[in-house]
There are 2 protein chains.
Amino acid sequence: MASISTIESIILGCLTTRPMSGYEIKQLISLSTSLFYNASYGSIYPILRKHEEADLVCVEELIENGRFKKIYHLTEKGYSTFLAWLEEPPQPITMKNDMLVRLFFYNNLTCEKQCEIIRMYLDHLRDFRQRLEGIAAAAYSDPYKEYTLCWGKDFYVFLIEWYENLLNDLEKPSM
Amino acid sequence: MASISTIESIILGCLTTRPMSGYEIKQLISLSTSLFYNASYGSIYPILRKHEEADLVCVEELIENGRFKKIYHLTEKGYSTFLAWLEEPPQPITMKNDMLVRLFFYNNLTCEKQCEIIRMYLDHLRDFRQRLEGIAAAAYSDPYKEYTLCWGKDFYVFLIEWYENLLNDLEKPSM
DNA sequence: AAAATTATATATCATTATGATATATGGAGG
DNA sequence: CCTCCATATATCATAATGATATATAATTTT
């Protein structure tokens, strides 16, 4: 039995909380898992159709406030497929972190320029962290969702401290 | 002037150290930036051709030990394009971290199963960290490459500590 | 009250990137 | 001698992104 992908699983996972539309799934992902796993409309809509064909979800078409809407419901097969995925071994973490790529090649830049960019980057990291801190963990339905929110906050604290140390190092006059 | 992408820049960046083949570029990326930015052959070879057409690199075709080889050299235009990229503002970090996706939906699993998976995951993280620690920073030509290696090690220390704390939390009998 | 903007909602598409596979040769070890 | 691994280039189906198109409802601004 061929296993399903992470994005396919996230979509099923969203539907374990309640039936919702593709648009609502995208919204939920954006303000919950997007920091560690994102998905675009260009993935979500085709996967929902694929899930429907595989009987993992079923569709309820309705008109709400004059607006056409497709509500996706998780089937039992969809739920058991999701549970099976949950127990599969996690894949290695991959990342797109171009600030570290820049740092890797920083010997091509003057020290002033390096520090200027890192200072700007730190501002951005602190801004982002502030926005994360603003999200109330209590808004979530269970402790696991709080844990992952907490991971995001901890990760940005790690990044900020790391770049602060780097800046200290670079600003220290070398011997 | 349209800017170049991060992968396109990494390839130019590799060529700032010395001229090399597509195969060598892939090798260098695999054991240096891959942790925070990876690239596959399916990206590298087409980009090298694109760079050649844009005069960012030039090609030296040769036969070494009877084996056909294309050595790519960075042009001046290629170097200035790379320098311009270095000063551009960094993009937000994106990630594929499916362990956190699993955690996000862990209310669907028994506590024993949760702990079992996290313990296995911690083993994997510790293994990976050990392998990272084995890479000698001294092998690198400049301190910036050491910094990024150090970031990788620090990131895995962060992850290990984070999941150790999580495991403690989950194993603690709830009131 | 009209206009503009934002939110809801689905869908598609060109471009980008991955992961796998194909092809071929040299070198090392059993 | 044969197998396996490293070197080396290339392509391709599949996946995923980011942007755009389309349309309507709700809200905010002028």
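Chain identifiers are assigned alphabetically (A, B, ...) following the order of the sequence lines, protein sequences preceding nucleic acid strands; residue numbering begins at 1 within each chain. This structure is a prediction, so every number in the text was calculated from the model and none was measured.
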Is [X] touching bases, backbone alone, or none of the nucleic acid, heavy atoms closer than 4.0 Å?
X	answer
B:K96	sugar-phosphate
B:G22	sugar-phosphate
A:S21	sugar-phosphate

Fill in: Any side-chain donor near an acceptor of the partner, A:T6 and A:Q91, under 3.5 Å
no

Can you tell me the distance, in whole Å, between the [atom1] atom of [X] and the [atom2] atom of [N]?
X	N	atom1	atom2	answer
B:Y45	D:dC12	OH	P	16 Å
B:I7	D:dT17	CD1	P	14 Å
A:Y41	D:dT17	OH	C1'	14 Å
A:I44	D:dG18	CD1	C1'	13 Å
A:R67	D:dT22	CZ	C1'	14 Å
A:K69	D:dA26	NZ	P	12 Å
A:I47	D:dA16	CD1	P	6 Å
A:Y37	D:dT17	OH	C1'	13 Å

Worksheet item: Does the separation of the ring centres of A:F104 and B:Y37 fall below 6.0 angstrom?
Response: no

Item to complete: For the pair B:E133 and B:R129, find out whether any cationic side-chain nitrogen is under 4.0 Å from an anionic carboxylate oxygen.
Response: yes

Discussion item. Closer than 4.0 angstrom, basic N to acidic O: yes or no for A:D98 and A:R102?
Written reply: yes

Ignoring hydrogens and angles, write down the donor-acceptor pairs under 3.5 Å from the side chains of residues 57-66 of chain B, residues two or more places apart or on other chains.
from  : atom 1 : to    : atom 2 : distance (Å)
B:E60 : OE1    : B:H73 : NE2    : 2.5
B:E64 : OE1    : B:K69 : NZ     : 3.0

Worksheet, complete the sentence: side-chain contact (heavy atoms from CB on, under 4.5 Å) with B:N107: of A:T17, A:T16, A:D142, only one passes, and it is A:D142

Practice prompt. Using the closest heavy atom to pick a nucleotide of DNA chain D for each, name whichever of B:Y72 or B:T94 lands nearer the 5' end.
Written response: B:Y72

Worksheet, complete the sentence: Note: chain B reaches DNA chain C at heavy-atom distances under 4.0 Å over the stretch, first to last nt, 5' to 3', of C:dA17 to C:dG26

Fill in: Under 4.0 angstrom between A:S43 side-chain N/O and D:dA16 OP1 or OP2
no

Item to complete: Please round to the nearest 0.5 Å and tell me the distance separating atom CG of A:L28 and atom CZ of A:R18.
Response: 7.5 Å

